[in-house]
Q: 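Sharing a structure, written as structure tokens. Questions coming.
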Amino acid sequence: MLTKRERFEKIVPKRVEKILHTLDLLSNCANPYSYEYTSEDIEKIFKALTKKLNETKTVFNSKISKSNFNL
């Protein structure tokens, strides 16, 4: 039986690596010889990614704040 920390250490690196790989795939779409896009398209993409990344960070930080409550 794994501890919560061990489960975290087992699962998170795989998920982060998957996200980083997917971002590498997204960067392939930057090739102007294969794709056509505008500055507005780029802004939409990175606005959505930044929003989701910030939401995820907030969830992590809120859980730490609650678990480390001291009087």
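One is the number of the first residue; the rest follow in order along the sequence.
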Q: Is there a donor-acceptor contact under 3.5 Å linking the side chains of Asn61 and Thr58?
A: no

Q: Does any part of the side chain of Phe60, heavy atoms only, come nearer than 4.5 Å to the side chain of Ile64, both counted from C-beta?
A: no

Q: Calculate, to the nearest 0.5 Å, the distance between atoms CD1 and CG belonging to Ile19 and Asp24 respectively.
A: 12.5 Å

Q: Linking I/L/V/M/F/W/Y whenever their side-chain heavy atoms sit closer than 4.5 Å, directly or via other members, would Tyr35 and Phe46 fall into one cluster?
A: yes

Q: Hey, does the side chain of Tyr37 reach the backbone of Ala30 with a donor-acceptor pair shorter than 3.5 angstrom?
A: yes

Q: Answer yes or no: is there an ion pair linking Lys14 with Glu17, defined by an N-O contact shorter than 4.0 Å?
A: no

Q: Hey, is Lys10 close enough to Glu6 for a salt bridge, meaning N to O under 4.0 Å?
A: no

Q: Kindly say whether Glu40 contributes a backbone atom to a donor-acceptor pair with the side chain of Glu43 at under 3.5 angstrom?
A: no

Q: Quick one: does Ser34's side chain have a donor or acceptor within less than 3.5 Å of a partner on Asn31's backbone?
A: no

Q: Quick one: CG on Leu23 to NE2 on His21, what's the gap to the nearest 0.5 Å?
A: 10.5 Å

Q: Once rounded to the nearest 0.5 Å, what's the spacing between atom CD of Glu55 and atom CG of Leu53?
A: 10.0 Å

Q: Looking at side-chain heavy atoms only, is the closest gap between Lys4 and Arg7 below 4.5 Å?
A: yes

Q: Side chains of Asp41 and Thr38: does their closest heavy-atom pair fall under 4.5 Å?
A: yes

Q: Drop me the distance from Leu2's CG to Phe8's CZ, to the nearest 0.5 angstrom.
A: 14.0 Å

Q: To the closest 0.5 Å, what do you measure between CG (Leu25) and CG (Leu20)?
A: 11.0 Å

